[in-house]
Amino acid sequence: MEFLDEFFNYLSSVSPSKLVRVFWFFFFFEFVRFFLVDFTTVLLWKMTAVFRKKRVKEGRNLFWAEKPFVSIIVPGKNEGKHIYKLAVSLKEQTYQNFELIVVDDGSDDDTRAICNSLKRNGLIDIFLSNDVRGGKASAANLGLRYATGKFIIHMDADCSYDRDAVENILVPFYYDDKVGAVGGDVQVRNYKQSLCATLQAIEYTDTISVGRISQSQLGIYRIISGAFGAFRKEALQSVGGWDIGPGLDGDITVKIRKLGYQIHFEPTAICQTNVPVTFNALIRQRLRWDKSLIRFRLRKHSDVFFPNESFRISNFVSFVENITYSLVLNFKWYFYVIDMVLNFTSRLVFIIPMNFLLYTVNNYFKFIVFSLFRERKNVGAEYFMLYMPLMALYFGYFLRLVRTYAYLQELFFRRSYEDSWNPEKSSRQAKALRL
Amino acid sequence: MNRITENIQVVDHKINYSNLVFYVIDTTNSILNIDHTMGYDALILDASDPEYAHLVLRKIRGHYNPEFYLKPVFLLNFKEIKDPVLNKMHDGIMTSYDQIPQMAETAKRIFIKTTQLDNQLVPSFEGQTVKKVLNYMYTRDIRTLKPVVDLNSAIGYTYPELSVNFTSTEEPQVLEILEWADREGLIWPDFFERVYLCNNCSSGSLSYREVCPHCNSANSKSEDLVHHFPCAYIGPISDFQNNIDSSLNCPKCNKTLRHIGIDYDKPSVIHHCNNCDQNYQDAFIKSKCLSCEDDIDVKYLVPKNVNIYKLTRKGRSAATSGFLSSSQEVDDIFGTINMPTFRIMLHYELERLKELPAQKTSLALLHLENIFELYNKSGKKGERRLLEELVAVIRENIKSSDVIAFESSSTLYLMLTNTAKENAEQKLKNLSSLTENLVKKNFNNFKVNLLYKVSMLDTGKKAEVQLQELSKEFFA
């Protein structure tokens with residue numbers, strides 16, 4: 001009680017200028033970028049929806065008039081157990097003019113038998129199987145090699161899709177010729193399975209659902225999730241398909257951006273996926289994702305920062321924003337911590353809970369405000385509210401620490417080339433050739 | 001006259017020796033007519049023309065008359081060739097007429113054994129055929145039926161002692177008959193090999209090939225899939241080939257592939273169908289029947305065991321004591337009763353007739369002579385269907401008090417109560433015509449040879465005797 005009294009006394013005594021001085025990291029960077037910018041952009045997007053409506057409707061009509069043949073590629077290893085559900089759910093789609101291509105990347109379980117059986121029964125159109133694992137990129141490329149559709153949709157075997165997801169992800173190609181790829185909205189299906197899954201579900205509603213609307217509007221959308229993405233086939237062929245991962249989703253998006261295509265996020269094309277349910281698995285996943293920022297943004301595609309014939313301002317801004325907010329500010333946060341420790345040592349006992357309170361209030365506020373713009377705004381909302389206070393810890397400390405560790409590993413040791421996510425034979429070549 | 005030795009002379013194809021008359025068959029004899037040789041004790045077949053010798057020996061051993069098929073046959077001028085009939089169905093090989101004394105001994109042994117045979121007829125096609133084989137085996141001291149590889153046989157194997165009764169295309173019937181004999185407990189199977197037969201015509205002459213799962217064409221081109229590690233490109237090897245040299249260049253990154261396992265590998269193979277332009281990896285295995293030209297998925301082929309069959313105790317004694325069929329395969333066809341029950345009912349009917357001498361009851365035997373050709377084509381299901389339809393037709397045309405029993409899947413008995421022989425014969429004539437039409441209509445114009453025999457029940461004879469007499473009259 002005595003602490004609370006002192007804490008509230010401190011709060012009431014802090015002047016606005018001092019509040020900004022103490023929480024400068026929050027006010028100058030995070031609040032501006034992840035609330036003000038996102039909110040303004042999404043608000044504008046919503047407000048201008050009426051002007052887009054006609055264009056979208058015409059695009060949809062054009063799409064249905066043409067009924068393009070589409071290839072759905074599902075690469076994966078040991079995914080046989082998921083394929084039946086996926087194939088059956090695809091039969092429910094409002095748009096049916098597609099071929100389903102499943103690529104087995106050297107599975108060592110019953111995947112081959114299952115898929116052959118599904119093919120015989122007409123649930124799979126093309127089944128390609130490699131005896132030895134080559135990695136997800138090569139599996140996707142094999143599917144692409146034999147795909148005959150005008151558009152390619154990349155899906156993950158363990159995901160499920162809204163009935164109109166395939167239709168909705170294709171329509172943007174028909175109201176904007178410059179769109180080279182469209183990303184779908186990936187939501188978390190197993191959000192009640194564990195605390196870890198719940199926190200990720202809240203993160204997905206924030207960064208993926210709303211964050212990507214904002215990025216798409218700003219023209220800086222840079223990662224089409226492998227779980228659900230549609231591409232013009234000629235765009236994919238022009239860039240030679242997918243390159244070695246991890247992080248191939250972001251890589252392929254950047255490669256298509258560099259060709260001059262626009263990348264669109266389609267919030268009505270909804271896909272549900274399962275996220276890791278343990279923190280250990282989550283750490284492994286995020287280390288892989290975060291390392292790819294250094295490997296692809298900073299190294300492989302560093303040409304985006306320099307004037308050359310393929311230079312585009314949108315790509316430049318996208319990369320600068322990404323590097324700034326993900327890499328620079330990540331390390332700057334440690335300066336902020338040092339600043340607090342050195343200059344506000346005696347007040348740390350109040351600053352830490354204050355910081356926590358600030359982020360939590362911001363998170364609630366954002367969640368409620370952004371609910372206005374989200375598809376399926378009621379799904380899990382009450383459930384998420386309960387866990388919202390933990391997001392400050394999850395975002396502010398857990399993910400930040402994981403990210404820092406990943407960046408250091410990749411910056412100094414190029415550890416992404418040792419990730420078992422890729423077969424060693426491919427990683428060895430990629431490392432030797434600095435790919 | 002051709003004098004060979006002091007005591008042995010060939011006079012007009014005949015050799016008299018030790019009260020036996022041998023007849024020499026050579027190419028001067030017509031193959032078509034060998035009936036005139038029946039009266040001789042033994043035959044000497046000149047095998048210098050193996051094709052001729054094969055046809056003659058086949059004709060002798062395949063004859064229905066024991067006087068013929070049990071006759072001792074010796075081969076002269078025989079050179080070992082791959083002919084199961086010539087190799088297995090003779091009683092001795094002679095290099096010259098000097099060996100006549102030894103052959104005479106063999107012939108006498110066969111005669112003695114022949115006199116011990118039971119001549120009772122078994123009233124079914126299968127029974128008749130098996131009895132014939134058992135007779136031959138008994139007289140030759142053969143205890144095992146061994147399959148022999150035979151390229152001319154429809155199933156690739158032949159059992160000479162049994163197969164000689166069938167043409168090479170009818171070989172699948174041989175397996176059916178062996179299975180029947182096995183069920184009767186006459187022979188005991190010992191696995192030798194398994195063959196797969198066409199589900200349409202039962203032929204084993206099949207050509208297996210990988211076909212496109214989309215259009216069933218075997219016209220395809222196979223290529224290795226190549227995975228280039230550095231850029232993750234993967235495609236058929238033709239994507240990497242060029243027209244200038246033999247090097248492989250990646251179509252995505254233009255690098256030259258150097259070393260398999262280091263910068264590239266071949267994770268799989270892909271087939272391209274030249275017929276329908278589809279690509280596939282898991283080809284279907286289909287077998288083309290070279291006999292009926294049906295293209296069959298291998299899982300629908302009919303597996304059959306080709307066994308070595310040993311005579312059982314029952315089988316060994318069947319030649320000398322006869323045997324009664326206990327087949328129950330066709331017992332449960334609706335509208336029929338089994339043979340034991342039929343015998344009992346026949347017995348009761350005789351008792352009834354004794355009380356009512358004015359009444360007449362007829363006993364009829366109906367035999368579908370060439371029905372096994374149809375069974376071979378239509379399989380077990382077809383056989384069952386045919387028999388059920390046949391019984392339905394008969395049932396519609398006889399009284400409900402009349403009874404039907406299958407002796408085998410080709411032979412059935414009818415007891416036509418209160419029906420005189422003339423009426424019964426008329427009825428059987430009508431049934432024959434109806435049945436022929438039924439088979440023709442339902443089984444691709446197949447023409448069945450339907451034979452029948454009718455007798456009046458005689459209250460002075462036992463039921464079993466009357467059954468035997470009818471079948472003896474019929475099959476004689």
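None of the values given here were measured: they were computed from a predicted structure.
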Student: Check each atom of B/I270 against the heavy atoms of chain A and say whether the ones under 4.5 Å are side chain, backbone, both or neither.
Tutor: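 B/I270 touches chain A through side-chain heavy atoms alone.
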Student: For A/N116, which atoms come within 4.5 Å of any heavy atom of chain B: side chain, backbone, both, or neither?
Tutor: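 Interface part for A/N116: side chain.
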Student: Given a strict heavy-atom distance threshold of 4.5 Å, which part of B/N279 is in contact with chain A: side chain, backbone, both, or neither?
Tutor: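 Contact with chain A involves the side chain of B/N279 alone.
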Student: Please confirm whether B/F229 and B/Y264 have ring centers closer than 6.0 angstrom.
Tutor: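 Judged by ring-centre distance (under 6.0 Å), B/F229 and B/Y264 do not meet the cut-off.
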Student: For chain B, which of A/G135, A/S138, A/G134, A/A430 has the most heavy-atom pairs under 4.5 Å?
Tutor: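 Top option by heavy-atom pairs under 4.5 Å: A/S138.
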Student: Which pair of heavy atoms, one from B/V211 and one from B/K286, lies closest together, and at what distance?
Tutor: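 Looking at all heavy atoms of both residues, the shortest contact is CG2-CG, 3.5 Å.
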Student: Using the ring of B/F284 (Phe, Tyr or Trp, six-membered ring only), decide whether B/R209 places NZ or CZ under 6.0 Å from its centre and within 45 degrees of its axis.
Tutor: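 No, cation not above the ring by the 6.0 Å, 45° rule.
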Student: Are A/K258 and A/H301 close enough, and set up right, to give a side chain to side chain donor-acceptor pair (under 3.5 Å), and what steps lead you there?
Tutor: CA-CA 9 Å; A/K258 283 161 81 172; A/H301 295 296; 2.8 Å; yes
Student: If you compare all heavy atoms of A/G241 against all heavy atoms of A/K255, which two are closest, and at what distance to 0.1 Å?
Tutor: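 For A/G241 and A/K255, the tightest heavy-atom pair comes out as O-NZ, 2.8 Å.
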Student: Look only at the side chain of B/E293 and the backbone of B/L290, and say whether a donor-acceptor pair between them is shorter than 3.5 Å.
Tutor: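 No, the answer is negative, given that no donor and acceptor are paired below the 3.5 Å cut-off.
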Student: Heavy-atom distance under 4.5 Å to chain A: side chain of B/H214, backbone, both or neither?
Tutor: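 Just its side chain gets close to chain A.
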Student: Centre-to-centre under 6.0 Å for A/W242 and B/Y233, is that the case here?
Tutor: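 Here the rings of B/Y233 and A/W242 have centres that are no less than 6.0 Å from each other.
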Student: Side chain, backbone, both or neither: which part of A/K119 has an atom under 4.5 Å from a heavy atom of chain B?
Tutor: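 Contact with chain B is through the side chain of A/K119 alone.
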Student: For the candidates B/S268, B/P213, B/A232, which exhibits the highest count of non-hydrogen atom pairs separated by less than 4.5 Å from chain A?
Tutor: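 When all of B/S268, B/P213, B/A232 are compared, B/A232 has the most.
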Student: What option among B/K266, B/K252, B/Q278 has the most heavy-atom pairs under 4.5 Å with chain A?
Tutor: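 Sorted descending by pairs with chain A, the first entry is B/K252.
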Student: Of all of B/P230, B/C231, B/C253, which one pairs up most often with chain A through heavy atoms under 4.5 Å apart?
Tutor: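 Looking at each option in turn, the highest pair count goes to B/P230.
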